[in-house]
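What follows is a short report on a single structure.
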Amino acid sequence: MTSQRQACEIRSDCDVIVVGSGFAGIYALWQARQRGLSLRGFERASDVGGTWYWNAYPGARCDVESYNYAYFFDESIVRDWSWSDACASQEEIQRYLKFVAERCNVLEDIAFNTEVLAATHSLEDGLWSVTTSAEETVICRYLVLAIGALSEPKTPDIEGVNSFSGDVYFTSRWPKDEVVDFSGKRVGVIGTGSSGVQAIPEIAKSAAELHVFQRTANYVTPTRSGPMDPNLVAQLRKNPHAVRQAARETYGGHTPLDIGTERFLELDDAGRERALQKAWDGKYVPLAFRDAYLFEANAAISEFVRKKMLEQVEDEWTANQLVPWDHPYGGKRPCMSNAYLQTYNLPHVHLVSLSETPIEQIVAGGIKTSKDVIPLDVIVYATGFDAISGPLFAIDICGTDGKLISEAWADGPSNYLGTMVHCFPNLFLPSSAMSPSVLSNMATLAEQQIDFIFDTIDWLENNGRPLIQPSPESQERWREETLHYAKQRPGALTTKSWYSGANIPGKPRVFMVYCGGFKRYNETCYKEIAEGFPGYELLKI
Ligand code: NAP
């Protein structure tokens, strides 16, 4: 592959390039500044926010509580920002990220509307050369791709997608400059993951007819959206650094919660039912038991949620279709909504179960299933993402052996500690494969990984070592450890989910999330620094 460096007109140099301006990108730019490194930032959107910029569909909201899903590195940010809802909306989270970017003075470092197209490393000078859609090549020593795990929309794999004559929207690319009006329209929504589950009740409010095309049912439990608890806010503001530290000591990187205090194995049937009901009422059903991670406990949780879901839908056929009988709770990403299931009790909302009547093709006037053509004015694709590796493969990232990362990962992701890849020195990948990523609190993870990345860079600078990459042995060990913990997670290896690439035809089936827990992950990262990076190779130029 020829170096992108030769192909471009303008050159500039800096220590660090940060791509993306979501939670990880904003914090990375701030960290680079704090450590006296020169920097450039690139963002393909017109504003900060990352996933919270693009996914502006009606009803978009975070399932993780806002007081949890936030930065804790700066006391004044914690003190000066007030969330209006315990689970913030997309609009509020994007506004929050803009507030933080302004507070951290990083906006001026970011070139917006600029996509990074390629990055090539040369061992001759130990530099990355990064090419952008602005026909600029920027040379840097450290490259941080804070491009998110869920930022590359899945291309719909349905025949005739371009044949439809009505309006088409994607939840993952919701228009920013248009108020989408469904009034009086016949709308079809394809997909019932977290995005579909949130959008469907909102669309149903104005659509004349709504047809939901469901391929696989998902677990849906109540959301914690609602007023913020002022006592909790006061407690968090008292000592943000302690909150941050405590979250890193947990399994999922969340503020520790005082629920699920009893153990499944120590309870009789009545006790288990009582604990499950208490957790359901408190809206924390996955944490009903302290030992909820056990397969037996998970089976009880799955059965309990199915029962609760059946109770909410009036029509028996619809209820049975909406309940996930095929996988355990947590096998796929569970959804949260207080309105989704009840929406199917409205007379103008119809479920099309694709397991019974699959889509044959999209036609000009609607969607043709094996049974009939459903006439539509609008189709909303809530069909998800080419998750985790997809965003990386969208950039031509070329390593020291001349291979693209998509070639290096042809059989599935391979890295060490979820952040670095052999033959791609000084390339850092927050929220990528084989980190706690999407099974943890992404905000806590963004801070932890960016801290780790910049502590690594500090170490290199202080020890006069220009280049670092993981050894192949460490990558293999990390692959084995990731698999070891995945085997312990109910449904991880048996459910078809985007966690393992099963939503993308032809993608290798590899469980891409580290399930050993946030605490263990953080400790393993910092053990490397403390011991002088035994799991890495320190290269010379
Ligand atoms: P998703 O979970 O991957 O759901 C995509 C949906 O589209 C699935 O129901 C899938 O069916 C269906 N689908 C895909 N291709 C299809 C086809 N060709 N024909 C019919 N159906 C098709 O995507 P998402 O809902 O955008 O959510 C992705 C992730 O983003 C979530 O899991 C979550 O981590 C995050 N998210 C979080 C929130 C939140 O915090 N509330 C909100 C939105 C998203 P199958 O299941 O059969 O593949």
Side-chain angles (χ1 to χ4, degrees), residues 22 50-52 54-66 68-69 85 87-90 92-93 148-161 169-174 188-202 211-225 321-322 324 326-327 330-338 340 351-355 357-362 367-369 379-388 390-391 431 437-443 445 495-505 507 512-513:
T51 199
W52 296 105
W54 295 105
N55 290 267
Y57 58 83
R61 184 174 289 283
C62 187
D63 287 343
V64 179
E65 306 85 342
S66 34
N68 240 326
Y69 195 75
D85 195 297
C87 286
S89 68
Q90 169 273 330
E92 189 168 16
I93 299 174
L150 295 163
S151 52
E152 198 57 33
K154 174 187 161 172
T155 312
D157 46 351
I158 304 173
E159 202 186 316
V161 274
Y169 298 97
F170 286 81
T171 51
S172 54
R173 287 288 179 272
W174 205 258
V189 177
I190 304 178
T192 52
S194 300
S195 304
V197 161
Q198 289 185 331
I200 285 160
E202 293 301 314
H211 292 269
V212 178
F213 297 82
Q214 173 192 270
R215 192 162 66 180
T216 314
N218 271 321
Y219 288 90
V220 183
T221 61
T223 160
R224 297 158 212 151
S225 173
Q321 295 296 325
L322 286 170
D326 66 326
H327 66 274
K332 286 166 99 82
R333 163 69 150 77
C335 308
M336 298 179 95
S337 171
N338 295 334
Y340 176 68
L351 182 70
V352 182
S353 175
L354 302 183
S355 57
T357 52
I359 295 178
E360 288 186 346
Q361 67 181 109
I362 312 275
I367 296 181
K368 182 174 186 294
T369 69
I379 296 179
V380 175
Y381 289 95
T383 41
F385 301 86
D386 184 353
I388 301 179
S431 52
S437 72
V438 290
L439 291 177
S440 72
N441 176 353
M442 294 293 276
L445 183 75
T495 308
K496 279 175 77 179
S497 81
W498 62 257
Y499 293 154
S500 53
N503 65 328
I504 304 292
K507 190 165 172 172
M512 294 185 284
V513 191

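The structure presented is a predicted model; accordingly, all values stated were derived computationally and were not measured. As the structure lists them, so they are numbered: ligands from 1, and atoms in each ligand from 1.
- Protein heavy atom in closest approach to atom 40 (O) of ligand 1: Asp63 N, 3.0 Å.
- For the pair Cys87 and Cys62, the tightest heavy-atom approach, listed with the atom from each and the gap, is CB-O, 3.2 Å.
- Atom 43 (C) of ligand 1 has Tyr57 OH, 3.2 Å as its closest protein atom, hydrogens excluded (heavy atom only).
- Short contacts between ligand 1 and Gly384, defined as distances under 4.0 Å to a heavy atom of the residue, involve ligand atoms 3 (O), 5 (C), 23 (O), 26 (O).
- Considering only non-hydrogen protein atoms, atom 39 (C) of ligand 1 sits nearest to Arg61 O, 3.3 Å.
- Ligand 1 has no atom lying under 4.0 Å from any heavy atom of Phe170.
- A donor-acceptor pair shorter than 3.5 Å can be found between the side chains of Asp85 and Ser225.
- Checking Pro358, Ser497, Ala382, Ala217 against atom 5 (C) of ligand 1, the nearest heavy atom belongs to Ala382.
- Heavy-atom minimum distance, Pro156 versus Phe170: CG-CE2, 3.7 Å.
- From Glu152, atom CD reaches atom CD1 of Ile388 across 13.5 Å, with rounding to the nearest 0.5 Å.
- Residue Ile359 holds its CD1 atom at 4.5 Å from CD1 of Ile158, rounded to the nearest 0.5 Å.
- Of the N or O atoms in Thr216, one or more lie within a sub-3.5 Å distance of an N or O in ligand 1.
- Here is the list of ligand 1 atoms found below 4.0 Å of a heavy atom in Asp157: 15 (N), 17 (C), 18 (N).
- Within the 4.0 Å heavy-atom criterion, the part of Leu354 lying near ligand 1 is the side chain and not the backbone.
- Within ligand 1, counting atoms from 1 as listed, the ones closer than 4.0 Å to a heavy atom of Leu150 are 29 (C), 30 (O), 34 (O), 35 (C).
- Of all the atoms in ligand 1, the ones that sit under 4.0 Å from a non-hydrogen atom of Ile190 are 20 (C), 21 (N).
- In summary, the atoms of ligand 1 found under 4.0 Å from a heavy atom of Gly191, numbered by their order in the structure, are 6 (C), 7 (O), 9 (O), 12 (C).
- If you take CZ on Arg215 and OG1 on Thr192, they are separated by 9.5 Å, rounding to the nearest 0.5 Å.
- Contact analysis leaves Pro156 out of contact with ligand 1, as no non-hydrogen atom separation drops below 4.0 angstrom.
- One finds the CD1 atom of Ile190 at 7.0 Å from the OG1 atom of Thr383 (value rounded to the nearest 0.5 Å).
- Under a 4.0 angstrom heavy-atom cut-off, Trp498 registers as being in contact with ligand 1.
- When all heavy atoms of Met512 and Gly501 are compared, the closest pair comes out as CE-N, 3.8 Å.
- Nearest heavy atom pair, residue Met336 against residue Val197, reads O-CG1, 4.4 Å.
- Annotation for ligand 1: atoms under 4.0 Å from non-hydrogen atoms of Ser194 are 25 (O), 31 (C), 32 (O), 33 (C), 36 (N), 37 (C), 38 (C), 42 (C), 43 (C), 44 (C).
- Contacts between Ile158 and ligand 1 below 4.0 angstrom, taking non-hydrogen atoms only, involve the side chain exclusively.
- Heavy atoms of Thr192 come nearer than 4.0 angstrom to ligand 1 in at least one pair.
- Nearest protein neighbour of atom 10 (C) of ligand 1, counting heavy atoms only, is Arg215 NH2, 4.4 Å.
- Of the candidates Gly193, Ser355, Pro334, Ser195, Ser195 brings a heavy atom nearest to atom 24 (P) of ligand 1.
- Proximity of Ser172 to Lys154: side-chain heavy atoms (C-beta onward) are nowhere separated by under 4.5 Å.
- Within ligand 1, counting atoms from 1 as listed, the ones closer than 4.0 Å to a heavy atom of Arg333 are 31 (C), 32 (O), 33 (C), 34 (O), 37 (C), 39 (C), 40 (O).
- Close to ligand 1: Lys332, with a non-hydrogen atom less than 4.0 angstrom away.
- Taking the six-membered ring for Trp and thresholds of 30 and 60 degrees, Trp52 and Tyr69 have ring planes more than 60 degrees apart, a perpendicular arrangement.
- Minimum heavy-atom separation, Gln214 to Tyr340: OE1-OH, 4.5 Å.
- Taking 4.0 Å as the cut-off, Ile359 does not count as a neighbour of ligand 1 on heavy-atom distance.
- Heavy-atom contacts of Lys154 reach the following atoms of ligand 1: 14 (C), 15 (N), 16 (C) (cutoff under 4.0 Å).
- Note: Trp54 CH2 to Thr171 OG1 = 13.5 Å, rounded to the nearest 0.5 Å.
- Neither the backbone nor the side chain of Gln214 comes within 4.0 Å of ligand 1, counting heavy atoms alone.
- The two residues Lys332 and Ser497 make their nearest non-hydrogen contact at CG-CB, 3.9 Å.
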